[in-house]
Amino acid sequence: TMSQPKMLSDEPKLSSAALCTTLKHLHQAFRPEFTHQCVEEETFRGHQPLTSVLAKAQTELPSSSSEAVVITSDAVMHKSHLHHDQATSELEITIDLAPSCRTCRLYVTSTPKKRKANNEMTMMTIGDGKRQKVDDSSKVVSLHSTTNTNATEEAEVEPMSRTEIQNCIANALPDIVDNDDCDSDYLTSPLGAVLGEYTINDDDDNNNKTFCLSLADGSDQATYDYHRKVQKLALWFIENADDVDVSNDQSGYWKVLYLFLHSKQGYALVGYCTLFHFNSPFHKPVPGTIVRFCQALVLP
């Protein structure tokens with residue numbers, strides 16, 4: 001019997017889907033920590049990450065020595081990479097988050113995977129063949145190479161289309177828009193009551209940055225509408241994250257602690273923590289209202 005491939009890592013951030021995905025926010029680029037909550041088997045069917053991304057990820061594998069880990073024929077970086085044998089293209093997904101994080105733009109770029117029999121790499125077409133934004137009204141566009149190849153391997157599968165990819169990750173994204181207003185989408189004021197502000201010096205750009213901490217009531221309609229959109233991002237960074245109806249007051253009530261970056265453009269989201277308040281008549285030593293810290297997210 002054939003031996004099973006050796007898995008070099010079980011780190012979720014090294015999954016095939018995670019290495020295909022980049023989020024951008026306030027001039028920072030970062031990859032998700034988790035993808036299993038929105039991407040089946042942590043891989044986009046028929047696709048694999050860019051070769052350059054896989055090479056860089058290989059250097060991040062844990063090693064017991066100073067020598068780099070070499071991926072041999074009997075080993076794979078992560079279990080989701082087993083599907084790369086069936087991939088026909090290399091995929092790059094870029095999610096540009098608005099400063100407020102209540103909207104985003106989605107880009108999908110795909111390139112045919114190199115074959116031993118064909119060293120040329122032609123661009124996959126999405127719409128007009130250029131790096132193209134994705135919106136809710138987009139039609140299904142097949143991610144097939146424009147170049148006919150020789151007989152393909154029987155193991156290859158039909159790659160996920162642009163619309164399939166969008167539908168796959170939509171639950172982990174705020175509203176997807178297709179306009180340039182996304183870059184200037186700041187909040188004009190913080191949600192809830194301002195608890196305080198503080199300023200720190202950013203050594204990277206030698207500028208002071210002011211942060212604002214506020215506490216918002218979940219029963220407020222503006223808080224509910226805003227949090228319903230931004231909390232979807234938690235699926236990328238909190239294992240077993242789930243949507244919270246902050247307006248629900250059946251067994252208690254919700255408040256949300258927000259951290260915003262305050263600039264002349266407005267307020268940009270940095271992070272949040274949901275707080276559930278409930279009455280505990282038998283709490284010792286004193287009965288009363290208990291505050292439970294639930295989901296906390298701080299963007300990289």
Side-chain angles (χ1 to χ4, degrees), residues 12-13 23 25-26 28 30 32-38 95 97-104 169-175 185-202 208-263 265-300:
K13 63 182 180 181
L23 295 99
H25 182 243
L26 297 178
Q28 301 288 330
F30 45 91
E33 292 289 328
F34 302 100
T35 57
H36 67 279
Q37 298 173 106
C38 55
I95 300 161
L97 297 170
S100 68
C101 288
R102 58 187 169 187
T103 60
C104 71
I169 63 176
N171 288 336
L173 295 177
D175 294 346
D185 182 22
Y186 287 80
L187 295 177
T188 57
S189 61
L191 273 296
V194 174
L195 302 180
E197 289 192 350
Y198 61 94
T199 301
I200 62 173
N201 181 264
D202 190 340
N208 291 331
K209 291 187 176 180
T210 300
F211 295 88
C212 173
L213 191 66
S214 69
L215 185 63
D217 193 332
S219 63
D220 180 73
Q221 186 65 42
T223 301
Y224 170 78
D225 292 338
Y226 178 70
H227 198 75
R228 179 177 56 84
K229 298 176 182 179
V230 302
Q231 70 174 343
K232 294 183 177 183
L233 294 172
L235 290 173
W236 298 114
F237 302 103
I238 301 176
E239 190 168 17
N240 300 321
D242 199 3
D243 287 351
V244 174
D245 181 0
V246 294
S247 67
N248 188 337
D249 59 359
Q250 291 184 356
S251 56
Y253 60 92
W254 292 89
K255 290 192 176 184
V256 187
L257 192 65
Y258 288 111
L259 182 63
F260 296 103
L261 176 65
H262 186 192
S263 65
Q265 291 94 343
Y267 293 84
L269 181 68
V270 175
Y272 70 81
C273 179
T274 51
L275 309 172
F276 184 61
H277 299 64
F278 62 96
N279 184 48
S280 179
F282 304 107
H283 182 264
K284 295 181 180 180
V286 180
T289 300
I290 303 297
V291 180
R292 177 175 295 164
F293 283 71
C294 297
Q295 292 184 165
L297 173 66
V298 178
L299 295 173

When rounded to the nearest 0.5 Å, the distance separating OH of Tyr267 from OG of Ser189 is 7.0 Å
In short, side chain to side chain donor-acceptor pair (under 3.5 Å) pairs touching residues 248-261 with sequence neighbours left out are His227-Tyr258
CG of Leu173 to CD1 of Ile95, rounded to nearest 0.5 Å, is 4.5 Å
request  = Evaluate the ring planes of His36 and Phe34, with Trp represented by its six-membered ring, and classify them as parallel (under 30°), tilted (30 to 60°) or perpendicular (over 60°).
outcome  = perpendicular
Practice prompt. Over 60° means perpendicular and under 30° means parallel, so classify the ring planes of Phe260 and Tyr226, tilted if in between.
Written response: tilted
Smallest heavy-atom separation, Phe237 atom then Leu233 atom, equals CD1-O, 3.4 Å
Rounding to 0.5 Å, atoms CG (Leu187) and NE2 (His262) come to a distance of 11.0 Å
| Hey, does Cys101 have a side-chain heavy atom less than 4.5 Å from the side chain of Pro174? | no
Note to self: Is any side-chain heavy atom of Asp245 closer than 4.5 Å to one of Tyr224?
What the structure shows: yes
State, yes or no, whether a side-chain contact exists between Val256 and Val244 at a heavy-atom distance under 4.5 Å. no
Side-chain contact, heavy-atom cut-off 4.5 Å: Ser263 with Tyr186? yes
Quiz item: Is the shortest heavy-atom distance from the side chain of Leu215 to the side chain of Leu275 under 4.5 Å?
Solution: yes
Interatomic distance, OG@Ser280 vs CZ@Arg292, rounded to 0.5 Å, equals 9.5 Å
Please check this pair: side chain of His277 against backbone of Ile290, looking for a donor-acceptor N/O pair closer than 3.5 Å. no
Between Leu261 and Lys209 the two heavy atoms that sit nearest each other are CD1-CB, 3.9 Å
Under 4.5 Å between any side-chain heavy atoms of Thr35 and Trp236, yes or no?
yes
### Task
Determine yes or no for a side-chain-to-main-chain donor-acceptor pair under 3.5 angstrom, with Gln37 supplying the side chain and Ile238 the backbone.
yes
Ser214 side chain to Leu191 main-chain N or O, any donor-acceptor pair under 3.5 Å? yes
Would you say Lys229 has more than 12 foreign heavy atoms packed within less than 6.0 Å of its NZ?
-> yes
One should read off an interatomic distance between Leu299 CG and Leu97 CG, to the nearest 0.5 angstrom, of 7.0 Å
Test side-chain contact (heavy atoms from CB on, under 4.5 Å), reference Arg102, set Asp185, Asp225, Leu269, output is Asp185
Residues passing the side chain to side chain donor-acceptor pair (under 3.5 Å) test with Asn279, sequence neighbours excluded, are none
query: Counting only N and O atoms by type, is there a donor-acceptor contact under 3.5 Å from the side chain of Gln295 to the main-chain atoms of Asp242?
result: yes
- [ ] Taking the side chain as every heavy atom from C-beta outward, state whether Leu257 and Leu213 have any pair of such atoms under 4.5 Å apart.
- [x] yes
message = What I'd like to find out is whether the side chain of Thr289 reaches to under 4.5 Å of the side chain of Phe278, using heavy atoms alone.
response = no
SG (Cys212) and CG (Leu259) are apart, to the nearest 0.5 Å, by 8.0 Å
